[in-house]
2 protein chains.
Amino acid sequence: MPVTAHARPPELSRQRDQRADARRNHDHLLEVARLVVAEQGVGASLRDVARRAEVGLGTLYRHFPTREALLDALLRQGFARLVELADELAATHTAVDALTAWLRELALSAAVYRGLPTALAATLDDPDSALSTACGALRRAGGQLLANAQAEGSVRPDVTGLDVFALATAVAALAEQGPLAERRDHLLGVLFDGLRPGPPLATQPLPRGPRDDAGPPHG
Amino acid sequence: MPVTAHARPPELSRQRDQRADARRNHDHLLEVARLVVAEQGVGASLRDVARRAEVGLGTLYRHFPTREALLDALLRQGFARLVELADELAATHTAVDALTAWLRELALSAAVYRGLPTALAATLDDPDSALSTACGALRRAGGQLLANAQAEGSVRPDVTGLDVFALATAVAALAEQGPLAERRDHLLGVLFDGLRPGPPLATQPLPRGPRDDAGPPHG
DNA sequence: ACCTGAACACCGTTCAAGT
DNA sequence: ACCTGAACACCGTTCAAGT
């Protein structure tokens, strides 16, 4: 087997081969994007990013073909840290505390950019998104913590990693609304307590299914 | 006291005074809007609405000065029905079942248009929105059911009407994502179980507060 | 009193032309 | 190999001109 270029991560090698101006543009674009997204949220104007980076609009699209590719680059480090954190917490805390602490960190991390919690939840829909592979790693990390707690019997067995990931980001999304910001930890507490095993709150008669009268197009 | 025009709802009287063509445009616009919003979600193109209603763009804006005013008109009936339903459930079910059944209906109703759950949650932020007064009535109705259940001691006392309203719409928003659609009732069940009184799941050490390293602008 | 649609200031995305 | 920016097809919103 030849020794040359057999296992170097493709991203890194691509960066190596880049022309100097391309590499400079890439990095500068990322810096500026971080500022603009911090200001305007994940729906930030891409034109603004290119403008403030003093770069042609096509250059932005060349380096980040889609908005989610840009977000992915912006979030890569923080996501990696979260994945590591899962292992650290698993090693240092009880299963339940590791799970809840990690989910809280997930909610905090999702709040770094306005609209990100919703964007992460939207990721669940199309697995082709540039963000969704990164989210997959997050979900696996959280799923492991969940499985640990479930194996102990301290968390109800009928919730999935998808469930808790979605619920945590949903709480993060709610906390973006002004009056709920300070209740974030409280809402997370309600969510966590919903994970306790035990009899359900309601006898769940569900008085009727989807109403047959007055649907959206004609009511 | 004069008998003339002392308590007629202003909306109805305004409709009375309208010119015939105005009234026709108003109603037709509403019909078309219902279709377009059903197709495209709450972010639907207002231009499309005017176009398909075969009406000048300014006419749409005259009748519905903002997107939320249009949504409000679209949702008025369903919201009124939900408020009534709260009383009906309170009269016919236990406090807990009335609360959970109503919250489930809220989540179902919020799902009639794509993006509506998020729009309802966003309402909590600015009380000046055309939707927020309608949401206020919803929250009051739900808050009463919650208070009933809390008075019984069957629901934890440290949640507010705002909390449960927000959480229910958040679950509705999650259920818009494909893989979670069929888990809507399950997620609601987790939420409801989070309302049970009792000791918290975690001892909540919250290993560290907001991280001091790697914030959004520089990490 | 109401309707109309052009005008304005924005978008995202693509792609021929340059270097 | 990479950058540029005009071009295209959309938006929401306003407002002078019409009837």
Side-chain angles (χ1 to χ4, degrees), chain A residues 10-11 13-33 36-37 39-74 114-115 119 122 126 128-131, chain B residues 10-11 13-33 36-37 39-74 114-115 119 122 126 128-131:
Chain A
E11 271 104 295
S13 69
R14 225 192 331 151
Q15 302 237 27
R16 270 274 167 66
D17 296 352
Q18 267 183 147
R19 242 165 52 178
D21 56 344
R23 175 133 188 64
R24 260 210 332 262
N25 278 337
H26 178 97
D27 294 358
H28 186 224
L29 237 10
L30 222 46
E31 282 177 40
V32 173
V36 177
V37 172
E39 284 176 20
Q40 308 182 10
V42 298
S45 162
L46 299 181
R47 269 183 136 90
D48 242 32
V49 173
R51 221 152 24 206
R52 287 166 61 167
E54 293 178 299
V55 138
L57 195 43
T59 302
L60 173 60
Y61 275 90
R62 159 167 273 261
H63 286 286
F64 308 101
T66 182
R67 160 174 264 115
E68 301 206 316
L70 181 59
L71 280 178
D72 181 59
L74 244 36
R114 191 157 27 98
D126 63 336
D128 303 326
S129 150
L131 268 179
Chain B
E11 271 103 297
S13 69
R14 220 182 346 140
Q15 302 236 26
R16 270 275 167 66
D17 296 352
Q18 265 183 149
R19 241 165 55 178
D21 57 344
R23 175 132 188 62
R24 261 211 330 261
N25 277 337
H26 178 97
D27 294 358
H28 186 224
L29 237 10
L30 223 45
E31 281 177 41
V32 173
V36 177
V37 172
E39 284 175 21
Q40 307 182 10
V42 298
S45 162
L46 298 182
R47 267 185 139 91
D48 242 31
V49 173
R51 219 148 31 203
R52 287 167 60 167
E54 293 179 299
V55 138
L57 195 43
T59 302
L60 173 60
Y61 275 90
R62 158 167 274 260
H63 286 286
F64 307 101
T66 183
R67 161 175 263 114
E68 301 205 316
L70 181 59
L71 280 179
D72 181 58
L74 244 36
R114 191 157 28 96
D126 62 337
D128 303 326
S129 149
L131 267 180

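Here is the naming used below: chain letters follow the sequence lines, and residue numbers restart at 1 for every chain. Worth knowing before you read on, the calculation uses all heavy atoms, side chains too, and leaves out hydrogens, waters and symmetry mates.
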Looking only at side-chain N and O atoms, does [X] come under 4.0 Å of OP1 or OP2 in [N]?
{"X": "R62(A)", "N": "dC2(D)", "answer": "yes"}
{"X": "S45(B)", "N": "dG12(D)", "answer": "yes"}
{"X": "N25(B)", "N": "dC3(C)", "answer": "yes"}
{"X": "H26(B)", "N": "dC2(C)", "answer": "no"}

Contacts of [X] that satisfy salt bridge (Lys or Arg N to Asp or Glu O under 4.0 Å) - sequence neighbours left out:
{"X": "D126(A)", "result": "none"}
{"X": "R62(A)", "result": "none"}
{"X": "R47(B)", "result": "none"}

So do H63(A) and H28(A) actually touch side chain to side chain, heavy atoms under 4.5 Å?
-> no
Apply side chain to side chain donor-acceptor pair (under 3.5 Å) to R24(A) and list each qualifying residue two or more places apart in sequence or on a separate chain.
-> none
With sequence neighbours excluded, residues passing side chain to side chain donor-acceptor pair (under 3.5 Å) with D72(A) | R76(A)
Between E54(B) and G43(A), which is nearer to the 5' end of DNA chain C once each is assigned its nearest nucleotide?
-> E54(B)
Base, sugar-phosphate alone, or nothing: which one does A44(B) contact when heavy atoms must sit under 4.0 Å apart?
-> sugar-phosphate
May I ask you to say what R51(B) touches in the nucleic acid, namely base, sugar-phosphate or nothing, with a heavy-atom cut-off under 4.0 Å?
-> sugar-phosphate
Encoded 5' to 3' (Watson-Crick or G-U under 3.5 Å; [ ] crossing; | other strand), DNA chain D becomes ||.|||||...|||||.||
Those residues at least two apart in sequence (or on a different chain) that pass ring pair (Phe, Tyr, Trp, His ring centres under 6.0 Å) with Y61(B) are none
Can you check nucleotides 13-15 of chain C for protein contacts, nitrogen or oxygen pairs under 3.5 Å, and list what you find?
{"unit_1": "dT13(C)", "atom_1": "OP2", "unit_2": "Y61(A)", "atom_2": "OH", "d": "2.8"}

For a quick test of your reading: what N or O donor-acceptor pairs under 3.5 Å do the side chains of residues 52-60 of chain B make, sequence neighbours left out?
{"unit_1": "R52(B)", "atom_1": "NH1", "unit_2": "E39(B)", "atom_2": "OE1", "d": "3.1"}
{"unit_1": "R52(B)", "atom_1": "NH2", "unit_2": "E39(B)", "atom_2": "OE2", "d": "3.0"}

